[in-house]
K.L.:
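Here you go, one structure.
Note on naming: letters A, B, ... go to the chains in the order of the sequence lines (proteins, then strands), and numbering restarts at 1 for each one.
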Number of protein chains: 2
Amino acid sequence: MKRTRVTLADVAAMARVDRAVVSRVVNKDPTLNIRQETRERVLAAIDELGYRPNVAARSLRTSRAHMFGLFIPDFANPVYAEIIKGAEAEAAAQGYVLVTGSASGAGLSEYMDRIGQGRIDGLLLAGTGDDSALTRQLDQAAIPWLMLNNRSRGVNRYVILDDQRAAALAVEHLVRLGHRHIAHLAGPSRADTAARRSAGYSAAMREAGLPEGPIVAADYTPAGGAAAMTRLLAAPEPPTAVFVSNVASAIGAMEGVRAAGMEIAREVSIVAVHDLDLASYLHPALTTVRMPLAELGRRGVTLLGSLKPDDTVAEVLAGPIELIQRRSTAPPVR
Amino acid sequence: MKRTRVTLADVAAMARVDRAVVSRVVNKDPTLNIRQETRERVLAAIDELGYRPNVAARSLRTSRAHMFGLFIPDFANPVYAEIIKGAEAEAAAQGYVLVTGSASGAGLSEYMDRIGQGRIDGLLLAGTGDDSALTRQLDQAAIPWLMLNNRSRGVNRYVILDDQRAAALAVEHLVRLGHRHIAHLAGPSRADTAARRSAGYSAAMREAGLPEGPIVAADYTPAGGAAAMTRLLAAPEPPTAVFVSNVASAIGAMEGVRAAGMEIAREVSIVAVHDLDLASYLHPALTTVRMPLAELGRRGVTLLGSLKPDDTVAEVLAGPIELIQRRSTAPPVR
DNA sequence: CTGCCGGAGTCAATCGTTTGACTTCGTGCT
DNA sequence: AGCACGAAGTCAAACGATTGACTCCGGCAG
């Protein structure tokens, strides 16, 4: 077992060349003039010794860490899993490592402190809310950063999805089925995605010439969704369909329907934003709007790679948004 | 906006002391003798300039990165989310950053290459299967590593949970309800957790004096679970209860029961390993066995911190394992 | 024979921190 | 007066890789 780490110098000694040559070979420096035979000696030595460049030394010298960060509120939310997948794949394609951290370690500002200076070359913030102290800290750290999937007051570096269109798609589906009394189970008022989906709901209702049904807000959690649905169904004339802002709430909302003694689809149709594997295994299988989440992660990384500290980015990702019809929506009977 | 990065030297200059003093102040070196007044000058300068230590330089010098890695197969699996949470919290408590990577970036060996030398101080592998080439690579990298939640041939560095006991708990619950014909929807044969749960099932059945019902294996996915359940129920005399190895399979298994035109709980009881938030929102709410997953992550990090490259670890984490009874299990009617 | 050129490397400063060893100074003791 | 000692810092050599500038050499044109 190797006791001391293998360094450039060891390889250089073994191949009887200068450290510089080894470095240039490793990095495929095109300005290096070298005989085939020498190159092979170097490569053989690298192989023989099992040399791996020391990343710390390298990034100290070059001040690039070849690492991007992604910060999310919670790993348990499968929506982020999709985003991570895309981001990881793109980072790998660029020769970077993506490191994902969540708020369960500590707050973002703790995280930034620990990430410190020189550990990452860029940071993606997904689903992290308003916090102006935060953005100041980020700017001071002078690394490129970007918000993913949600915006925040006064921040003009973000990539989002077309949530408004997604909401419209959902509402149009309900309208096409014949619903006229369509309520909206919205997300938390502080969430930007919630606001955009609500706007889409309103626009689509107006477009269809229908009055906006009742709107109640809830957290993006099953518990929140259940409570909100209960409120919606308690009305004297409950809606025949509900557009739910988020799939996690929808899971709870379904429970809410059952708790009210009603039947999903036949009596109350439900459609939610974000398609997850899970949706097709719920009972009844949930009709959803699929958003290009992985693509969002991918795009975020791509942008990070080419972002200057002071650039601004305000992009609505164009990507396929489609309605996945399952069993939770049906024509109204009332 | 800061143009050049602030270094120790800048702070030292501003506070009119040597770099060494600043370094020692930052690191709270107890051997440093310093006047209160001087210390305050230093701290003021740090604050004023917004100094953050450069992690690359620091880890080059100390050869510790203050970072642990965690590698998982897939972020979409909520079981890992729990593990990550625990691991992140413990890492943060130790002043480390936990970076989580999955196979979607690239394989583990690609990941190791990119992580390179000196980027992390230890690596946790959760749910990553047998691969002897891999362990060789890890040993060569000379960083401590540990398998979490599953073992692999010839590897003697792991922490696992008491899956056997979890399985027994589930089976005992079914037996107590009066079931005598209990089948087992097992996990994939290559998964170590699956084997341990199956062993627990067998032991508990023997203990109860019952014949082992049919056993079918399936992937830890809803689709796999659905197909397997269909097979189980197609038997001439189907079981009245099924112990499912994993909650993801169980979700599919529930669908399988419905597809067979049967009613969950009344006709077929289902209990699965791993309690997730989600379980209580399924319909009917799923009876599960809760395992201390977060604790597992926490323990893994703790061990990593105190592990020597050649140490061996074979630990079955003692932690609360409990049955969470919900609506998917009931006394048999047949 | 001199000058020049390109090929094949070599030299050494640099990135920002850490840390064991050393200095300087004032005080107290003998 | 001489010395020891502790307090309060200072000094400078690492850590390992990168990279612009430089050297050395053989061949060839003039």
K.L.:
With heavy atoms under 4.0 Å as the rule, sort B:Thr7 into base, sugar-phosphate or nothing.
P.N.:
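The residue B:Thr7 makes sugar-phosphate contact but no base contact.
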K.L.:
Which part of the nucleic acid, if any, lies within contact of B:Asp18, taking any heavy atom under 4.0 Å across all strands shown: a base, the sugar-phosphate backbone alone, or nothing?
P.N.:
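Base, at least one base heavy atom under 4.0 Å.
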K.L.:
Ignoring hydrogens and geometry beyond distance, is a side-chain donor-acceptor pair present between A:Arg5 and A:Tyr51 at under 3.5 Å?
P.N.:
no
K.L.:
Between B:Asn54 (CG) and D:dC15 (C1'), how many Å, whole number?
P.N.:
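In whole Å, D:dC15 C1' and B:Asn54 CG are 13 Å from each other.
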K.L.:
Using a strict heavy-atom distance below 4.0 Å, which residues from residues 24-46 of chain B are in contact with DNA chain C?
P.N.:
B:Arg24, B:Asn27
K.L.:
Counting side-chain heavy atoms from CB outward, which of C:dG16, C:dT19, D:dG16 is closest to B:Ser23?
P.N.:
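In terms of side-chain proximity for B:Ser23, the closest of C:dG16, C:dT19, D:dG16 is C:dT19.
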K.L.:
Hey, is A:Glu88 close enough to A:Lys85 for a salt bridge, meaning N to O under 4.0 Å?
P.N.:
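Between A:Lys85 and A:Glu88 there is no salt bridge, as every charged N stays at least 4.0 Å from the carboxylate O atoms.
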K.L.:
Using the salt bridge (Lys or Arg N to Asp or Glu O under 4.0 Å) criterion, which residues pair with B:Asp18? Sequence neighbours excluded.
P.N.:
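Testing B:Asp18 for salt bridge (Lys or Arg N to Asp or Glu O under 4.0 Å), a comparison that skips the adjacent residues, returns none.
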K.L.:
In whole angstrom, what separates B:Leu8's CG from D:dC11's P?
P.N.:
15 Å
K.L.:
Can you tell which of D:dG9, D:dG16, C:dT17 lies closest to the side chain of A:Leu60?
P.N.:
D:dG16
K.L.:
Rounded to whole angstroms, how far apart are CG on B:Leu49 and P on C:dG16?
P.N.:
14 Å
K.L.:
Mapping B:Ala57 and A:Arg58 to their closest nucleotides on DNA chain D, which lands nearer the 5' end?
P.N.:
B:Ala57
K.L.:
Nearest 0.5 Å please: distance from the CZ atom of B:Arg41 over to the CD1 atom of B:Ile34.
P.N.:
8.0 Å
K.L.:
What is the distance from CZ of A:Arg64 to C1' of C:dT14, rounded to the nearest Å?
P.N.:
18 Å
K.L.:
Starting at atom CZ of B:Arg19, determine the distance to atom C1' of D:dG9, rounded to an integer number of angstrom.
P.N.:
14 Å
K.L.:
Which atom names give the shortest non-hydrogen contact between A:Ala65 and A:Asp121, and what distance separates them?
P.N.:
N-OD1, 2.7 Å
K.L.:
Does the pair B:Glu90/B:Arg299 count as a salt bridge with the N-to-O cut at 4.0 Å?
P.N.:
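Not counted as a salt bridge, because no side-chain N and carboxylate O are separated by less than 4.0 Å.
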K.L.:
Measure from the side chain of A:Ala20, starting at C-beta and using heavy atoms only, and say which of D:dT10, C:dC11, C:dT17 lies closest.
P.N.:
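Nearest to the side-chain atoms of A:Ala20, counting from C-beta on, is C:dC11.
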K.L.:
Check the distance between D:dA17's C1' and A:Asp10's CG and give it to me in whole angstrom.
P.N.:
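Result: 13 Å.
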K.L.:
What residues, two or more places apart in sequence or in another chain, satisfy salt bridge (Lys or Arg N to Asp or Glu O under 4.0 Å) together with A:Asp162?
P.N.:
none
